[in-house]
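Note that the structure is a prediction, hence the values are computed from the model and not measured. Sequence positions, counted from 1, serve as the residue numbers for this chain. Whatever order the structure lists them in is the order used to number ligands and atoms, beginning at 1.
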Amino acid sequence: MAGILLSPSLLSADFSCLAGELAALEEAGVTWAHWDVMDGMFVPNITMGPAVIAACRKKSKLFFDVHLMIERPGRFIEQFVDAGADLICVHAETEPHLERTVSEIARLGARPAVALNPHTPLAMVEYLLPQLYMVLIMSVNPGFGGQKFIPFCLDKTRRLKKMITAKGTETLAEIDGGVTLENAASLVAAGADILVSGSAFFAFPPYGERHEAFMTAVS
Ligand code: DX5
Ligand code: ZN
């Protein structure tokens, strides 16, 4: 992957016209779209499931970066792959058989990723790094958009990057939660390859200019 990417979180998009929002993102030069799937169990909120992603898949060529905030995601991998997810990210805290689930994602043809809650140690993913396309560092407690970045996640990003270098893998680092134009540069300096942004992106149309502003902030 060349350069830093922005993956706008659709959690802050207009849910009444997701296809239109996806088209506007493509028009804006964005290449990834971040889907926040929530089950009301792992996190105290409910959003969308595979049926909504499948319907939108028919309308968009964007790379679908699917972040599952659901209990025992291993039960649903096939459904999300069939729905058109390009990448599936499961939380380490939700799946006791994480290696099995990561292998399953890859076997079914999607890119495997693991997310860690802010307090969850990096050691949870250390042995899986050779199998992981990406590690997602949650920099807020998952469940809602518009929260403040938790400062210790900057150091955690640096340590993740060191761990990846030490293991010699190509694993990418994605940061999700409280990302703004103001902290974007420091996150990239710490080693982030992909920045997720919900409220700091969708509340500031036109999307093309906002995307450009993020790219300039990290260049
Ligand atoms: C939080 C989600 C995030 C969220 C980010 O549970 O995983 O993707 O939408 O939103 P902001 O950028 O507003 O913190
Ligand atoms: Zn997310």
Margin query: Counting C-beta onward and ignoring hydrogens, is there a side-chain heavy-atom pair between E21 and F202 closer than 4.5 Å?
Written below: yes
Item checked: Heavy-atom closest pair, residues M69 and P142 -> SD-CB, 3.6 Å
Next item on the list: Please indicate how many protein N/O/S atoms are found closer than 2.8 Å to the Zn ion (ligand 2), with waters neither displayed nor included.
Entry: 4
Margin query: Within ligand 1, which atoms have a heavy atom of H67 less than 4.0 Å away?
Written below: 7 (O)
Next item on the list: May I ask you to list the atoms of ligand 1 that are less than 4.0 angstrom from any heavy atom of H34?
Entry: 8 (O)
Item checked: Donor on one side chain, acceptor on other, Y127 and E99, under 3.5 Å -> no
Check: What is the minimum heavy-atom distance between L62 and D86, and which atoms define it?
Finding: O-OD2, 3.6 Å
Next item on the list: Go through ligand 1 atom by atom and flag the ones less than 4.0 Å from a non-hydrogen atom of G146.
Entry: 11 (P), 13 (O), 14 (O)
Check: To the nearest 0.5 Å, what is the distance between CD1 (I70) and OG1 (T94)?
Finding: 7.5 Å
Item checked: ring-ring contact (aromatic ring centres under 6.0 Å, His included) involving F149 - partner list, sequence neighbours excluded -> none
Check: What is the closest protein heavy atom to atom 13 (O) of ligand 1, and at what distance does it sit?
Finding: S199 OG, 2.5 Å
Check: Do L136 and H91 come within less than 4.5 Å of each other through their side chains, counting heavy atoms only?
Finding: no
Next item on the list: Could you list the atoms of ligand 1 found under 4.0 angstrom from a heavy atom of V196?
Entry: 8 (O)
Next item on the list: Below 4.0 angstrom from a heavy atom of S197, which ligand 1 atoms are there? Numbered from 1 as shown, please.
Entry: 12 (O)
Note to self: Hydrophobic clustering (ILVMFWY, side-chain heavy atoms < 4.5 Å, transitive) - are I4 and I137 grouped together?
What the structure shows: yes
Next item on the list: Check the angle between the aromatic planes of F63 and Y133 and answer parallel, tilted or perpendicular using the 30° and 60° thresholds.
Entry: tilted
Notebook entry, point to check: Looking only at N/O atoms, are V140 and ligand 1 under 3.5 Å apart anywhere?
Noted result: no
Margin query: Let's go through D65 and H67 carefully: what are the C-alpha distance in whole Å and the side-chain angles of both, what is the deciding distance for side chain to side chain donor-acceptor pair (under 3.5 Å) to 0.1 Å, and is it a yes or a no?
Written below: CA-CA 7 Å; D65 164 24; H67 178 193; over 6 Å; no
Check: Can you name the one residue among V196, I150, N117, T120 that meets side-chain contact (heavy atoms from CB on, under 4.5 Å) with M138?
Finding: N117
Checklist line | Sub-4.0 Å atoms of ligand 1 with respect to non-hydrogen atoms of P142 | finding: 6 (O)
Notebook entry, point to check: Which residue supplies the protein heavy atom nearest to atom 3 (C) of ligand 1, what is that atom called, and how far is it?
Noted result: D176 OD1, 2.9 Å
Check: Which atoms of ligand 1 are found less than 4.0 Å from any heavy atom of M69?
Finding: 6 (O), 7 (O)
Next item on the list: Answer with yes or no whether the hydrophobic clustering places L122 together with V135; edges join I, L, V, M, F, W, Y residues whose side-chain heavy atoms lie under 4.5 Å apart.
Entry: yes
Check: Which residue from G143, S139, S12 reaches closest to atom 6 (O) of ligand 1 through any of its heavy atoms?
Finding: G143
Check: Given that the side chain starts at C-beta and the backbone is N, CA, C, O, which of these parts of F144 lies under 4.0 Å from ligand 1, counting heavy atoms, or is it both or neither?
Finding: backbone
Check: Going by the atom numbers of ligand 1, which of them fall below 4.0 Å from some non-hydrogen atom of G177?
Finding: 14 (O)
Check: Is there side-chain contact between I194 and M134, with heavy atoms separated by less than 4.5 Å?
Finding: yes
Margin query: Students should be able to answer this: which protein heavy-atom is nearest to atom 12 (O) of ligand 1, and at what distance?
Written below: G198 N, 2.8 Å
Margin query: For atom 10 (O) of ligand 1, what's the nearest protein heavy-atom neighbour? Residue, atom name and distance, please.
Written below: G145 CA, 3.6 Å
Check: Closest non-hydrogen protein atom to atom 14 (O) of ligand 1, residue and atom name please, with distance?
Finding: G178 N, 2.8 Å
Checklist line | Structural part of S9 in contact with ligand 1, heavy atom criterion under 4.0 angstrom | finding: side chain
Check: Taking atom CZ of F201 and atom OG of S7, what is their separation to the nearest 0.5 Å?
Finding: 10.0 Å
